[in-house]
K.L.:
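Structure below; questions to follow.
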Amino acid sequence: MAAKNNYACHCILIPLTSCLLVAASAVSVLAAGRIWSLAGATTHHHSLSPASLPSTSSRPAAPARELVNRHGQVRSMEAGLAEARASLRRASRTRNCMSAPDADGDDHREGGFVPRGAVYRDAYAFHQSYTEMEKRFKVWVYRDGEPPVVVHKGAGVVDGGDDGGGGIEGHLIAELEAGGGRHRARHPGEAHAFFLPISVANIASYIYRRDMIDYWGPQLRLVAGYVDGLAAMYPFWNRSRGADHFFVSRHEWAPILSAATAELRANAIRVMCNADMSEGFDPARDVALPEVGHHVGWSDGAGVRLPGQPASERTVLAFFGGGGGGSGDVRQALVARWAGRDDRVVVYERLPEGLDHGELMGRARFCLCPSGGRQEAASSRRVVEAIAAGCVPVLLIAGDSNYSLPFSDVLDWPRFSVAVPVARIDAIKDILAGISDRRYAVLRRRVLRVRRHFLLNRPAKRFDVINMVLYSIWLRRLNLSIPY
């Protein structure tokens with residue numbers, strides 16, 4: 001069982017999905033949690049092969065306990081976080097941004113975007129909190145370990161995706177390790193959070209064989225050994241029981257492998273595409289990771305991605321194009337009812353040769369985004385592609401689905417999307433056709449407003465998807481006080 005942590009949590013005025021952390025100075029934010037019951041999975045200390053153990057050659061010359069002054073650096077960090085909490089409470093109360101934006105939401109005095117409008121739960125608190133993150137937040141990336149357990153800057157991630165190689169975890173590592181990176185900690189003693197560069201995709205690809213008898217055991221032991229090795233080598237994991245540590249994975253096995261140790265499962269921040277709360281995803285601690293690819297948006301010839309056709313030229317009411325290999329009851333029901341049956345609700349189980357998926361999304365008013373199934377979680381790539389294309393996402397959600405949508409701490413999804421229960425798939429055309437042109441124009445304008453939060457840029461830009469993932473982690477760290 002995971003040990004209980006005596007950390008205080010703080011109400012910081014930005015509502016977390018499903019539950020707002022209780023505003024009390026001495027409430028335990030991380031209760032003891034059960035690990036998943038998996039055949040062959042154990043939670044005691046595991047041994048590792050030499051290739052995956054943190055290398056002792058990477059141990060600093062000074063003893064690990066000298067890397068951090070618990071009563072100095074931690075106290076200073078906590079004082080800074082307390083100031084940040086107070087500042088965003090004040091921003092929300094006074095409804096005061098750092099500076100006033102122009103009509104398009106751009107603040108030319110700051111040289112950047114200022115969030116505002118109905119798409120945000122609290123634009124003032126978000127803006128202030130984001131500014132505090134830019135000013136304060138430091139992340140240390142552990143440099144110990146070797147592939148396949150970890151991925152370092154420049155190393156590939158075998159995730160089967162088409163997002164330019166390396167997956168979003170690779171992009172995040174590259175951004176954090178970039179020279180002069182805003183959030184890169186110079187040494188672990190100044191870090192607010194610690195990145196575990198675990199690659200679930202690499203572990204699965206390296207170990208998994210169809211004829212394996214012990215299906216999960218070897219993978220769980222690799223992850224457990226890596227975490228245990230870091231805990232033995234450095235004081236940072238034990239200082240917080242892992243509560244200020246996080247890992248990032250788009251792989252569907254991430255929730256399972258996070259059960260490798262009780263503290264990793266119960267305490268650490270898990271940034272995952274699989275954000276199904278019925279399978280243990282905790283929106284107060286975990287982060288729903290949008291599945292981002294590089295085939296989003298359109299170029300104007302100068303490298304600027306454009307959001308598809310203007311509203312007046314979008315002749316398709318609704319569109320969905322599958323890759324032919326998906327699963328899930330929602331998708332099957334959608335295809336069975338609408339594939340090849342209507343010229344306004346255009347649905348393909350597999351997109352025919354010669355048709356461009358991005359172009360079709362760019363011509364549709366609404367893009368259908370089925371939930372459920374291995375490739376169709378609420379953070380499905382379809383949702384991200386729809387927003388990038390300037391297409392209003394239609395969330396087709398099963399009655400028993402319990403997904404957390406990306407960036408729900410900040411974004412008010414009903415303000416820029418349409419939700420249709422699976423039971424009403426037959427009525428999709430009537431529902432969408434019944435949305436007035438005026439209402440559609442409002443929805444699309446709001447989609448274009450949130451679009452910047454789902455675009456992948458290298459190097460990262462303010463408020464883009466990489467920085468929004470970091471912001472989600474910052475928000476959870478802001479809700480945590482570490483005793484000193």
Side-chain angles (χ1 to χ4, degrees), residues 5 7-10 12 29-30 54 58-85 129-145 150-153 169 171-198 226-248 263-264 267-271 285-287 460 466-484:
N5 296 297
Y7 309 136
C9 67
H10 304 267
I12 58 172
V29 68
L30 297 172
S58 62
R59 186 193 298 263
R65 63 178 178 272
E66 294 179 9
L67 291 175
V68 60
N69 183 328
R70 294 176 64 103
H71 300 289
Q73 290 172 318
V74 176
R75 182 185 291 114
S76 176
M77 282 192 298
E78 290 303 316
L81 293 175
E83 292 175 1
R85 295 182 197 109
S129 180
Y130 190 94
T131 303
E132 293 288 345
M133 178 193 75
E134 291 185 315
K135 181 170 65 174
R136 302 177 188 274
F137 193 40
K138 299 297 181 184
V139 176
W140 177 258
V141 181
Y142 282 110
R143 298 164 183 170
D144 308 271
V150 302
V151 57
H152 295 298
K153 181 181 177 182
E169 56 262 67
H171 290 296
L172 187 60
I173 291 171
E175 188 65 31
L176 288 173
E177 292 192 342
R182 182 193 299 269
H183 301 294
R184 179 187 182 187
R186 294 167 298 177
H187 55 82
E190 71 170 5
H192 297 90
F194 297 82
F195 185 16
L196 301 167
I198 297 169
Y226 179 71
V227 173
D228 289 347
L230 293 178
M233 185 178 296
Y234 303 106
F236 310 108
W237 179 276
N238 294 327
R239 183 181 69 185
S240 68
R241 304 273 187 194
D244 55 357
H245 287 58
F246 68 95
F247 75 90
V248 180
E263 290 181 343
L264 179 64
N267 297 348
I269 301 167
R270 302 178 303 163
V271 186
R285 174 174 50 87
D286 300 325
V287 174
I466 291 293
N467 278 303
M468 287 298 289
V469 170
L470 286 171
Y471 175 79
S472 298
I473 297 165
W474 154 257
L475 196 61
R476 283 144 184 81
R477 179 62 181 88
L478 199 59
N479 270 290
L480 177 71
S481 289
I482 298 177
Y484 49 83

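Hydrogens, waters and symmetry mates play no part in the numbers below; they use all other heavy atoms, side chains included.
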K.L.:
Go through the structure and list residues passing ring-ring contact (aromatic ring centres under 6.0 Å, His included) with Phe246, not counting sequence neighbours.
P.N.:
Phe195
K.L.:
At their closest point, which heavy atom of Ile466 faces which heavy atom of His171, and how far apart are they?
P.N.:
CD1-CB, 4.0 Å
K.L.:
Taking all heavy atoms of Met77 and all of Ala191, pick out the closest pair and write down the distance.
P.N.:
SD-O, 3.2 Å
K.L.:
Which heavy atom of Ile198 sits nearest to which heavy atom of Val227, and what is that distance?
P.N.:
CD1-CG2, 4.4 Å
K.L.:
When rounded to the nearest 0.5 angstrom, what is the spacing between CZ in Phe236 and CG in Leu230?
P.N.:
10.5 Å
K.L.:
What's the shortest heavy-atom distance between Arg182 and Lys138, and which atoms?
P.N.:
O-NZ, 2.7 Å
K.L.:
Hey, are the side chains of Ser129 and Leu475 touching, using non-hydrogen atoms and a 4.5 Å cut-off?
P.N.:
yes
K.L.:
For residues Val287 and Tyr471, determine if any side-chain heavy atom of one lies less than 4.5 Å from a side-chain heavy atom of the other.
P.N.:
no
K.L.:
Look up atom NE2 in His183 and atom CD in Glu175, then write down how far apart they are to the nearest 0.5 Å.
P.N.:
8.5 Å
K.L.:
Could you tell me if the side chain of Arg270 sits less than 4.5 Å from the side chain of Arg285, heavy atoms only?
P.N.:
yes
K.L.:
Could you pull out the closest heavy-atom pair between Glu190 and Arg184, with the gap in Å?
P.N.:
OE2-O, 4.2 Å
K.L.:
To the nearest 0.5 Å, tell me how far Phe137 CZ sits from Asn467 CG.
P.N.:
11.0 Å
K.L.:
Mind checking salt bridge (charged side-chain N to carboxylate O under 4.0 Å, His left out) for Glu132 and listing every partner two or more places apart, or none if nothing turns up?
P.N.:
Lys135, Arg136
K.L.:
Is any side-chain heavy atom of Trp237 closer than 4.5 Å to one of Leu196?
P.N.:
yes
K.L.:
What pair of heavy atoms forms the shortest contact from Tyr226 to Pro197, and how long is it?
P.N.:
OH-CD, 3.6 Å
K.L.:
So, Arg477 side chain and His192 main chain: donor-acceptor pair closer than 3.5 Å or not?
P.N.:
yes
K.L.:
Going through the distances and angles, do Trp474 and Leu81 end up as a side chain to side chain contact (heavy atoms under 4.5 Å, CB included)?
P.N.:
CA-CA 10 Å; Trp474 154 257; Leu81 293 175; 3.6 Å; yes
K.L.:
For Tyr142, give me all partners under side-chain hydrogen bond (donor to acceptor under 3.5 Å, both in side chains), at least two apart in sequence or on another chain.
P.N.:
His245
K.L.:
Measuring only between side-chain heavy atoms, which start at C-beta, is Leu478 closer than 4.5 Å to Met133?
P.N.:
no
K.L.:
Evaluate the side-chain proximity of Leu172 to Leu470: yes if any heavy-atom separation is below 4.5 Å, no if none is.
P.N.:
yes
